[in-house]
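As structure tokens, the structure follows; a few thoughts come after it.
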Amino acid sequence: DDTIAAILAAELKDLPAAAFQDLPDSPMSTWLAAQSRMDAGDAAGAAGNWQRFFQQSARRDPIDLASYARCLADTVRFDDAAQQLRLALSGPVPYSFFARTEKLCRRVAAETAAASLRQCRVAVLGTSTTSFLIPVLQALCLRDRIHAAFYEGLHGAMQQEILDPQSGLARFKPDVVLLAMNWRDLQLEAVTPDPARWIDDFIAGLQTFWSRLSEAFGCHVVQHAFD
């Protein structure tokens with residue numbers, strides 16, 4: 001049980017890893033030993049415990065795999081760390097996973113760039129906060145062996161970024177641009193006499209942005225759905 005394991009780890013965190021050697025050889029004792037060694041800064045020892053844990057248990061919890069990857073990265077085994085992160089990302093994960101592993105994913109991606117299948121420059125522009133998207137995109141690019149550089153546009157300055165030839169976006173020269181807009185950007189009226197005309201006019205405005213991006217950078221444009 002994850003809750004029980006977390007409570008035990010917190011209670012026993014000050015014990016040396018050697019204290020777990022006399023416990024029965026089980027997934028729980030190995031997991032606790034790995035946590036203890038991580039808390040003590042013994043990345044190599046913890047990596048050995050994590051390897052043993054995954055030999056003992058069929059469970060592949062993304063957070064445990066990320067912990068194993070962190071130990072591998074700390075012992076300069078970046079290719080192995082990338083493999084564990086890809087395994088962690090092979091199924092659904094909560095957003096908290098991306099937030100917790102943001103620095104790790106960035107570090108591993110940088111150290112394994114030479115093994116990537118392709119490179120890509122990704123820009124994220126929005127009319128509201130977009131910083132929460134970067135860790136997700138970064139991790140998924142690592143999963144898919146894409147070495148990606150990211151640019152996050154100025155908050156609420158999507159139009160200026162697109163139209164200004166001296167903007168940060170223009171200097172970045174993206175391959176892919178994600179336009180993240182929300183329902184407020186629709187500026188919906190309570191009642192409109194001609195809904196079809198309104199939709200056509202709104203789409204025409206978006207197409208101006210799409211055309212500008214395509215002409216300026218020859219990039220792919222991904223239009224985010226209006227939440």
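As the structure is a prediction and not an experimental result, all values here were calculated from the model. Counting begins at 1 with the first residue of the sequence.
Contact between Pro135 and Phe132 at its shortest, heavy atoms only, is CD-O, 3.5 Å. Considering every non-hydrogen atom in both Leu104 and Ala66, the closest pair reads CD2-O, 3.7 Å. In this structure, Gln223 and Trp210 approach most closely via the heavy-atom pair OE1-NE1, 3.0 Å. For the pair Met38 and Ala46, the tightest heavy-atom approach, listed with the atom from each and the gap, is CG-CB, 3.6 Å. Summarising the geometry of Ser116 relative to His147, their closest heavy-atom pair is OG-CB, 3.3 Å, with the distance given to 0.1 Å. Scanning all heavy atoms of the two residues, the minimum distance from Gly153 to Leu125 falls at CA-CD2, 3.7 Å.
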For Arg197 and Asp201, what are the C-alpha separation, side-chain angles and deciding distance, and is it a salt bridge (Lys or Arg N to Asp or Glu O under 4.0 Å)?
CA-CA 6 Å; Arg197 175 66 179 274; Asp201 290 345; 3.4 Å; yes
Any chance you could lay out the side-chain contact (heavy atoms from CB on, under 4.5 Å) test for Glu215 and Ser211, step after step, and finish with the verdict?
CA-CA 6 Å; Glu215 292 167 2; Ser211 297; 4.2 Å; yes
Would you sort out whether Met158 and Phe209 count as a side-chain contact (heavy atoms from CB on, under 4.5 Å), showing the intermediate values?
CA-CA 10 Å; Met158 187 180 76; Phe209 292 150; 3.9 Å; yes
Derivation of the salt bridge (Lys or Arg N to Asp or Glu O under 4.0 Å) call for Asp175 and Arg118:
CA-CA 12 Å; Asp175 301 310; Arg118 62 166 297 181; 5.6 Å; no
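One finds the CG atom of Asp80 at 11.0 Å from the CG atom of Leu85 (value rounded to the nearest 0.5 Å). For the atom pair Leu142 CG and Leu89 CG, the distance stands at 7.0 Å (nearest 0.5 Å). Leu65 CG to Arg59 CZ: the interatomic distance, rounded to the nearest 0.5 Å, is 9.5 Å. Atom CZ of Phe54 is separated from atom CD of Gln84 by 6.5 Å, given to the nearest 0.5 angstrom. With values rounded to the nearest 0.5 angstrom, Leu154 atom CG is found 4.5 Å from Glu161 atom CD. To the nearest 0.5 angstrom, Gln138 atom CD is 12.5 Å from Leu133 atom CG.
Geometric assessment of Arg121 against the ring of Phe172 yields a positive cation-pi assignment under the 6.0 Å and 45° thresholds.
Using a 4.0 Å cut-off between a side-chain N of Lys or Arg and a carboxylate O of Asp or Glu, Arg52 and Asp25 qualify as a salt bridge. With salt bridges taken as basic N to acidic carboxylate O contacts below 4.0 Å, none links Glu111 and Arg107.
Under a 3.5 Å cut-off, the side chain of Arg100 and the backbone N or O of Ile63 do not form any donor-acceptor pair.
Checked against Pro174 for a side-chain contact (heavy atoms from CB on, under 4.5 Å), the options Leu169, Val221, Val124, Val122 give a single hit: Leu169.
Between Tyr68 and Gln83, the side chains place no donor N or O within less than 3.5 Å of an acceptor N or O (distance only, hydrogens not considered). In the model, Thr30 has no side-chain atom that pairs as donor or acceptor with a side-chain atom of Asn49 under 3.5 Å.
Ring geometry for Phe98 versus Tyr95: interplanar angle of 30 to 60°, hence tilted.
No more than 12 heavy atoms of other residues, nucleotides or ligands sit less than 6.0 Å from atom CZ of Arg145. Applying the 6.0 Å contact sphere to CD of Gln159 captures no more than 12 heavy atoms from other residues, nucleotides or ligands.
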